[in-house]
Amino acid sequence: MYDPIVEPYPKSHQQYPDSYWAKSIEKFPETTSLVNDIQADIAIIGAGYTGLSSAYHLAKKYGKSVVVIEANDPGWGCSGRNAGFVLPGTGRLSLLDMEQKWGRETAQSVFQEYMESIDTVNDFIEQGNIDCDKTPGGYLKLAHKRAKVEGLRKQAEKLSERYGESVKFVCSQEVNNAFLKSANMFGGIYFDKSFAVNPMKLVLGYYQMATEAGVKVFSNSPVINWQQKTNHHCLYTQNGRVTAEKVIIATNGYTGSKMHPIIENRHFPVLSSIIVTRPLKISELATIQLKAGLMAMDTRRMKYYYRLLPDNRILFGGRGAINGKKANNSINKKRLAQGLKNTFPVLENIDIDHFWSGWVSASYDNYPRINHSEDKSIHYSMGYCGSGLAFSTLAGKRLAQNICAPESLPNLPFWQSQLPKFPLSQFRRVGLSAYYALASLRD
């Protein structure tokens, strides 16, 4: 599997993973590669949520000529591999963390930005009439042990009292009565505005909207050389070149090791893996009583996340391998199957029909950045820490604003500084191995 720490860019003409999402697409759009020289106001690297959202807004609202170049096909990266959770958040900072870091007023503004990210996804779905299997059901963050319950209760109270959102704490009895029956959950926070989607159908909907807005998208065209001139950039692919005044890097966890110095060693690609079971029997559904459309995630350091799919399969995800070479190793599949069994013992021997992995981008200080070079000719957004579906869609919109109408941006920490560099970055994976071992013991 492609490894962004080891390889400078993904090789082209790689197939989508053998995922449940890819299997759900009856016909993928026909795409073309870049085979000549082309000019544009803005070139975007990456045809995922961030890149396509940004391209759409730049072309539709600001009238810019935009070219998107993608190493493989639209949604080949994390945008087509994730669990489809449309959640109010990104990064790894809790509400209490944000208040301690930035103060209550800024934390409240950040949370409102998270809620707006959900609205932005909704806007895309409605405006583009995207058939992405949108499923209401809300999001439940669950305490995996009793010691975590009080922290979730306080967070729910603050969200409700200070932020005016319809967020509530649910005790263990209410979890069992209204949401799911699990062997090891003790209450949690319920966000009713969250919903689930088929992420591949969603990103292909973004692709269609962007192309209809006049954006030119070229697939199987990885950037193999980047030259910055006095007043423009030249991006070279295997068979063509894009010349543009500005460039947006929208590759997040799939950013190659030598993309550009502005982001070098400023994020950590980490693998997350997913299994999808066979369709559950009526008796199994009756035993686990997992609410239709509900998205759940626990409070482990090595989090598990799961949902019931529209055809009654269970999607269950968690940590993946340390490096790309071992991404498809059966041990990662077995680890998730064991986590599924621990969560729902009745599913101990259930068949697993799909298993795949994808890279997420972790930032050193646990929250993303939407930023630019000193001359404002290079822009990027990355570091979503595995919770990026909704936020990355809004980030694309914010990138367009940052280029064309920066005065309209809300005053938030995301674009007030660059992503910090990882110290001793060459040892990131050594540290990750140690973290995984310690976290497993603590969980």
Side-chain angles (χ1 to χ4, degrees), residues 83 85-119 137-195 290-291 294-307 318 342-343 362-363 365-368 383-391 410 412-414 435 438-443:
F85 286 29
V86 183
L87 306 180
T90 189
R92 295 175 61 88
L93 298 179
S94 69
L95 174 65
L96 295 178
D97 292 334
M98 290 191 295
E99 289 193 351
Q100 292 173 1
K101 189 177 185 68
W102 300 313
R104 182 186 300 184
E105 183 177 347
T106 298
Q108 183 171 0
S109 296
V110 169
F111 185 76
Q112 291 306 316
E113 184 82 345
Y114 292 163
M115 298 307 297
E116 185 169 343
S117 72
I118 295 177
D119 294 337
Y139 164 59
L140 186 61
K141 184 174 183 180
L142 287 161
H144 75 287
K145 54 185 178 182
R146 297 187 189 280
K148 297 289 185 179
V149 172
E150 189 58 29
L152 292 181
R153 185 194 305 274
K154 289 180 179 179
Q155 187 172 348
E157 289 174 352
K158 285 191 175 185
L159 282 169
S160 180
E161 293 172 4
R162 299 182 185 178
Y163 298 78
E165 292 298 333
S166 53
V167 176
K168 68 174 183 178
F169 175 79
V170 289
C171 65
S172 58
Q173 182 177 352
E174 189 172 357
V175 170
N176 281 312
N177 291 340
F179 297 102
L180 59 95
K181 291 188 182 299
S182 173
N184 53 2
M185 295 301 163
F186 302 94
I189 306 176
Y190 179 60
F191 299 80
D192 66 350
K193 290 185 179 179
S194 298
F195 57 88
L290 183 56
K291 177 184 173 184
L294 179 72
M295 300 167 292
M297 185 183 298
D298 63 33
T299 52
R300 288 179 174 84
R301 289 173 176 82
M302 307 304 302
K303 300 180 188 302
Y304 290 131
Y305 52 91
Y306 46 95
R307 55 181 279 211
N342 294 342
T343 306
S363 61
D365 53 2
N366 295 321
Y367 71 101
Y384 305 138
C385 300
S387 301
L389 195 162
F391 186 82
L412 296 175
F414 302 119
Y435 175 80
L438 180 61
S440 296
L441 291 173
R442 289 183 175 178
D443 287 339

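Starting from 1, each residue takes its place in the sequence as its number. Treat the numbers as computed from the prediction; the structure is a model and nothing was measured.
In plain terms, the two heavy atoms of Lys168 and Ala156 that are nearest each other are C-CB, 4.1 Å. Lys303 and Asp298 get closest at one heavy-atom pair: CA-OD1, 3.5 Å. Across all their heavy atoms, Pro368 and Tyr384 have their closest contact at CB-CD2, 3.9 Å. Across all their heavy atoms, Gly187 and Val175 have their closest contact at CA-CG2, 3.9 Å. Pairing each heavy atom of Glu99 with each of Arg104, the nearest pair is OE2-CG, 4.0 Å. In terms of heavy atoms, Ile118 sits closest to Lys193 at CG2-O, 3.9 Å.
Using a 4.5 Å cut-off on side-chain heavy atoms (C-beta onward), Trp102 and Val110 make contact. Looking at heavy atoms from C-beta onward, Pro410 lies in side-chain contact with Glu113 at the 4.5 angstrom threshold. Proximity of Leu152 to Leu142: side-chain heavy atoms (C-beta onward) are nowhere separated by under 4.5 Å. In this structure, the side chains of Arg307 and Leu294 stay at 4.5 Å or more apart for every pair of heavy atoms. Considering only heavy atoms from C-beta on, Leu140 comes within 4.5 Å of Val170 through its side chain. Contact check for Ser194 versus Phe85: no side-chain heavy atoms found under the 4.5 Å cut-off. Two residues are said to be in side-chain contact when any heavy atoms from C-beta on lie closer than 4.5 Å; Tyr306 and Leu180 meet this criterion. Side-chain contact between Met185 and Phe179: absent, with no pair of heavy atoms (C-beta onward) separated by less than 4.5 Å.
Remark: side-chain polar atoms of Thr299 are paired, donor with acceptor, to backbone N or O of His144 under 3.5 angstrom. The backbone N or O of Ser94 lies less than 3.5 Å from a partner atom in the side chain of Asp97, making a donor-acceptor pair.
Looking at residues two or more places apart in sequence or on another chain, you find no salt bridge (Lys or Arg N to Asp or Glu O under 4.0 Å) involving Asp119. Residues passing the salt bridge (Lys or Arg N to Asp or Glu O under 4.0 Å) test with Glu157, sequence neighbours excluded: none.
In this structure, Lys158 NZ and Ile189 CD1 are separated by 11.5 Å, a value rounded to the nearest 0.5 Å. The distance from atom CE of Met295 to atom CG of Leu290, rounded to the nearest 0.5 Å, is 11.5 Å. Between Tyr367 atom OH and Cys385 atom SG the span is 11.0 Å, to the nearest 0.5 Å. Separation of atoms CE (Met297) and OG (Ser387) is listed at 5.0 Å; rounding is to 0.5 Å. With values rounded to the nearest 0.5 angstrom, Cys171 atom SG is found 9.0 Å from Asn176 atom CG. Leu389 CG to Thr90 OG1: the interatomic distance, rounded to the nearest 0.5 Å, is 10.5 Å.
The aromatic rings of Tyr114 and Phe391 sit perpendicular, their planes meeting at an angle over 60°, well past the 30° parallel limit.
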Steps toward side-chain contact (heavy atoms from CB on, under 4.5 Å) verdict (Met98, Thr106)
CA-CA 8 Å; Met98 290 191 295; Thr106 298; over 6 Å; no
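In this structure, the ring of Tyr190 has its center no less than 6.0 angstrom from the ring center of Phe169.
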